[in-house]
Peer 1: 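Sharing a structure below in structure tokens format, with a few things to ask.
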Amino acid sequence: MQQYSTRKVFYILILNLMFCMVYAQENSTLHIPTKQDSLNGSVTPERIWWDILHYDLTIKPDYDSKTISGKNTIEYKVVTKKHSDLMQIDLVVPLKIDSIFQKGKKIDYTQDENIWYVKLPKNLLSKKNKITIYYSGKPTESIKPPWDGGLVWAKDSLNRPWISVACQYKGASLWYPCKNALYDEPDKGGRINIIAPENLIAVSNGRLLSTIKNADNTSTYSWEVKNPINHYGITFYIGNYINLNGSFNGEKGKLTMNYWVLDYNKEKAEKHMIPEVNTTLKSLENWYGPFPFYEDGFKMVDAPYIGMEHQSAIAYGSSYKKGTNKKGGDISNTGWGKKTDKIIVHEMAHEWFGNNITASDIADRWIQEGFAGLAEELVIADLCGKQAGNEFMNGRFRTIENDKPVIGRYGINEDGSSDNYIKGWAVMHMIRTIINDDAKFRAILRGLNHDFHNKVVTTNEIETYINEKSGINFKYLFDQYLRTNKVPILEYKYENDEFSYRYSNCNQDFSMPIKTNWTKGNLIYPTASWKSLKLENRDIPDDLKIDLNFYVKLQKAP
């Protein structure tokens with residue numbers, strides 16, 4: 001975790017808030033950030049001085065009343081000598097903190113909506129500490145999981161209770177007290193204890209440590225994840241599960257594989273999910289490096305929503321069919337999307353980008369979604385050839401909306417454009433095309449996962465790494481496609497025995513090399529100023545086309 005002075009944090013907080021308010025006013029459709037947004041999304045003085053080491057979370061959901069109760073013991077360390085007397089804990093109302101203890105002593109706290117300030121006496125602080133927070137209430141319910149956030153109170157197809165949670169966008173404070181900040185993960189992982197009715201099974205991250213039957217007709221399932229884990233990656237599932245287990249001979253040896261599926265999905269899992277996972281895992285280890293969490297094992301879990309990348313406990317709620325949607329269709333309209341199960345590929349890829357490498361601010365979520373989209377292309381290419389992957393990517397270009405920049409506003413826990421999926425992927429695809437050396441490109445992808453293993457990152461860090469390892473400065477490309485919503489236009493004209501071309505609708509320094517059918521596969525190097533090439537008796541194509549690997553519009557100049 002990067003260290004800042006308290007005074008600098010205060011200034012950053014104020015400047016971020018002022019910038020966001022001006023930005024929102026200039027873009028009337030954007031939300032004007034509130035004080036709560038900044039407290040939730042920034043590095044506040046009440047957060048900066050302590051670092052999370054471990055979570056020990058216990059939760060007891062009540063299906064009938066849609067309430068939960070539980071506690072979270074947070075092990076943390078003090079990382080600055082001079083710091084605020086308060087510790088910021090995040091918990092979204094109507095959930096409430098009931099009591100807080102440290103070293104056996106009850107601790108005072110105050111509340112500011114979804115922010116809770118804990119007054120920690122100096123005599124109770126040492127280098128490493130534990131604080132236990134008891135809480136209860138009726139949490140926010142997710143209506144359209146995983147797209148909104150909260151607890152999911154559902155029923156399976158046999159009308160039996162089925163409970164889970166999804167909270168990527170708004171954060172884990174929707175269901176447990178925590179430091180709801182992407183930049184700080186529990187360094188030593190966590191333990192998740194779920195108390196469920198004895199006729200149901202509870203599944204969570206990592207490995208199952210124990211199952212204890214309680215006197216009140218419930219059972220406590222204790223799971224442990226050893227690796228650092230982002231706060232929204234912590235999860236639980238309760239339902240009528242059975243476990244199918246196996247192993248995968250991967251780059252780091254034998255990886256334990258577990259499939260927790262609803263009892264009536266056993267045959268589907270055996271025929272569809274397990275083969276798809278094995279094929280996908282082989283491809284992803286090849287491109288992205290070893291699976292990041294051999295210590296915690298691999299799990300797919302049936303979920304009451306389409307999917308989510310919960311670390312070492314991936315949610316799967318699709319239809320056990322190949323395709324890019326539940327009906328087995330192909331959103332790219334190329335046919336290639338029917339060669340894999342998109343939910344399996346996409347959510348598995350997040351174990352590398354999203355869980356191993358995590359954006360330190362949700363504004364940079366393209367880092368996670370763009371590389372997961374790239375994985376969809378790479379797996380198809382491994383199965384069907386590189387051209388198939390290229391065509392599949394090109395088929396997704398039409399789904400880009402360009403409503404606003406991919407990168408959102410920092411410091412207010414605000415997501416950017418939903419284009420972070422496809423446009424972030426397009427950026428990496430074009431970089432691969434320009435590098436034109438798949439061995440080097442693969443080395444960059446694997447290097448990212450090695451050098452940033454279990455780390456949080458920013459767009460600038462990813463950009464700098466790719467530039468250094470490729471030997472090419474792609475700043476113009478990141479600036480254009482991630483920091484603006486303008487799609488460059490390649491303008492062209494034929495006159496005086498010359499073919500002239502330039503970029504418009506772009507940043508002044510945009511200078512991406514590109515291929516057209518007229519240049520027969522060779523790169524040309526347009527800029528925002530006109531350039532020309534002699535025709536030299538070459539045929540002028542009636543229908544000039546841009547190579548399918550580039551996301552650029554084409555327009556004939558008047």
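Position 1 is the first residue of the sequence; numbering continues from there. Here the structure is a predicted model, which is why all the values come from computation and not from measurement.
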Peer 1: Taking the basic N atoms (NZ, or NE/NH1/NH2) and the acidic carboxylate oxygens, is any pair closer than 4.0 Å for Asp263 and Arg160?
Peer 2: yes
Peer 1: Classify the angle between the aromatic ring planes of His310 and Tyr237 as parallel (below 30°), tilted (30 to 60°) or perpendicular (above 60°).
Peer 2: perpendicular
Peer 1: Might you work through the side chain to side chain contact (heavy atoms under 4.5 Å, CB included) test for Leu383 and Thr279, ending with a clear yes or no?
Peer 2: CA-CA 9 Å; Leu383 291 172; Thr279 297; 3.7 Å; yes
Peer 1: Side chain of Asn193, backbone of Ile59: donor and acceptor closer than 3.5 Å?
Peer 2: no
Peer 1: Are the side chain of Ser360 and the backbone N or O of Tyr183 linked by a donor-acceptor pair below 3.5 Å?
Peer 2: no
Peer 1: Please identify each residue that fulfils salt bridge (Lys or Arg N to Asp or Glu O under 4.0 Å) with Lys266, with sequence neighbours left out.
Peer 2: Glu270
Peer 1: Would you say Asp364 and Tyr410 make side-chain contact, with heavy atoms under 4.5 Å?
Peer 2: yes
Peer 1: Between Lys213 and Glu198, is there a side-chain N and carboxylate O pair less than 4.0 Å apart?
Peer 2: no
Peer 1: Could you tell me whether the side chain of Asp187 and the main chain of His54 form a donor-acceptor pair under 3.5 Å?
Peer 2: no
Peer 1: Mark yes or no for whether Thr140, through its side chain, and Gly150, through its backbone, hold a donor-acceptor pair below 3.5 Å.
Peer 2: no
Peer 1: Just wondering, do Thr433 and His429 contact through their side chains at under 4.5 Å, heavy atoms?
Peer 2: yes
Peer 1: Mind checking what makes ring pair (Phe, Tyr, Trp, His ring centres under 6.0 Å) contact with Tyr421, not counting sequence neighbours?
Peer 2: His346
Peer 1: Which residues satisfy the side chain to side chain contact (heavy atoms under 4.5 Å, CB included) test with Ser418, sequence neighbours excluded?
Peer 2: Glu401
Peer 1: Within the side chain of Asp403, is there an N or O that forms a donor-acceptor pair under 3.5 Å with the backbone of Ser417?
Peer 2: no
Peer 1: Please report the C-alpha distance between Phe452 and Tyr465 in whole Å, then the side-chain angles of each, then the deciding distance to 0.1 Å, and finally whether the ring pair (Phe, Tyr, Trp, His ring centres under 6.0 Å) criterion is met.
Peer 2: CA-CA 10 Å; Phe452 293 106; Tyr465 188 92; 5.6 Å; yes
Peer 1: Would you indicate whether the side-chain heavy atoms of Tyr135 and Ile68 approach each other to under 4.5 Å?
Peer 2: yes
Peer 1: Below 4.0 angstrom, N of the basic side chain to O of the carboxylate: do Asp438 and Arg442 qualify?
Peer 2: no
Peer 1: Can you list everything that forms a salt bridge (Lys or Arg N to Asp or Glu O under 4.0 Å) with Asp479? Sequence neighbours excluded, please.
Peer 2: Lys475, Arg483
Peer 1: If you look at every heavy atom in Asn355 and Thr358, which pair is closest and at what distance?
Peer 2: O-OG1, 3.4 Å
Peer 1: Taking the side chain from Asp330 and the backbone from Gly337, do they hold a donor-acceptor pair closer than 3.5 Å?
Peer 2: yes
Peer 1: Are Trp162 and Tyr241 close enough, and set up right, to give a side chain to side chain donor-acceptor pair (under 3.5 Å), and what steps lead you there?
Peer 2: CA-CA 10 Å; Trp162 196 10; Tyr241 288 108; 2.9 Å; yes
Peer 1: Which atom pair, heavy atoms only, marks the closest approach of Ala202 to Ile238?
Peer 2: CB-CG1, 4.1 Å
Peer 1: Could you go step by step and tell me if Tyr316 and Tyr320 meet the ring pair (Phe, Tyr, Trp, His ring centres under 6.0 Å) rule?
Peer 2: CA-CA 9 Å; Tyr316 179 82; Tyr320 287 90; 5.1 Å; yes
Peer 1: Report yes or no: does Ser312 contribute a side-chain atom to a donor-acceptor pair with the main-chain N or O of Gly297 at less than 3.5 Å?
Peer 2: no
Peer 1: Is there a donor-acceptor pair under 3.5 Å between the side chain of Asp296 and the backbone N or O of Asn227?
Peer 2: yes
Peer 1: Could you tell me which non-hydrogen atom of Ala269 sits nearest to which non-hydrogen atom of Val261, and how far apart they are?
Peer 2: CB-CG1, 3.9 Å
Peer 1: Would Phe371 and Trp287 count as a ring pair (Phe, Tyr, Trp, His ring centres under 6.0 Å) here? Give the steps.
Peer 2: CA-CA 11 Å; Phe371 283 93; Trp287 283 99; over 10 Å; no
Peer 1: Looking at every non-hydrogen atom in both residues, tell me the closest pair between Asn180 and Ala172 and how far apart they are.
Peer 2: OD1-N, 3.2 Å
Peer 1: Restricting to salt bridge (Lys or Arg N to Asp or Glu O under 4.0 Å), what partner residues turn up for Glu369, sequence neighbours left out?
Peer 2: Arg365
Peer 1: Using salt bridge (Lys or Arg N to Asp or Glu O under 4.0 Å) as the criterion, list what pairs up with Lys60, not counting sequence neighbours.
Peer 2: Asp216
Peer 1: Just by modelled atom types, is the Leu548 backbone N or O under 3.5 Å from a matching donor or acceptor in the Asn394 side chain?
Peer 2: yes
Peer 1: Side-chain contact test, heavy atoms from C-beta onward, threshold under 4.5 Å: evaluate it for Val203 versus Trp223 and give yes or no.
Peer 2: yes
Peer 1: Hey, what's the ring geometry for Tyr169 with Trp147, parallel, tilted or perpendicular (30° and 60° as the breaks)?
Peer 2: parallel
Peer 1: Check this for me, if you would: do Glu251 and Arg446 make a salt bridge, where the nitrogen-to-carboxylate-oxygen distance has to be below 4.0 angstrom?
Peer 2: yes
Peer 1: Counting C-beta onward and ignoring hydrogens, is there a side-chain heavy-atom pair between Ile462 and Trp366 closer than 4.5 Å?
Peer 2: yes
Peer 1: With side chain to side chain contact (heavy atoms under 4.5 Å, CB included) as the criterion, how do Phe236 and Trp175 come out once you've worked through the C-alpha distance, each side chain's angles and the decisive distance to 0.1 Å?
Peer 2: CA-CA 11 Å; Phe236 72 92; Trp175 67 282; 3.7 Å; yes
Peer 1: Rounded to the nearest 0.5 Å, what separation is found between the CD1 atom of Ile314 and the NZ atom of Lys299?
Peer 2: 9.5 Å
Peer 1: Heavy-atom distance under 4.5 Å between the side chains of Lys226 and Glu224, does that happen here?
Peer 2: yes
Peer 1: For the pair Arg432 and Glu377, find out whether any cationic side-chain nitrogen is under 4.0 Å from an anionic carboxylate oxygen.
Peer 2: yes
Peer 1: Would you check if Phe353 and Tyr288 make a side-chain contact, meaning some heavy-atom pair closer than 4.5 Å?
Peer 2: yes
Peer 1: Any Lys/Arg nitrogen of Lys322 or Glu276 sitting under 4.0 Å from an Asp/Glu carboxylate oxygen of the other?
Peer 2: yes
Peer 1: Using a 3.5 Å distance criterion without hydrogens, assess whether the side chain of Thr399 forms a donor-acceptor pair with backbone atoms of Arg396.
Peer 2: yes
Peer 1: With heavy-atom distances below 4.5 Å as the criterion, would you say the side chains of Asp148 and Ser142 are in contact?
Peer 2: yes
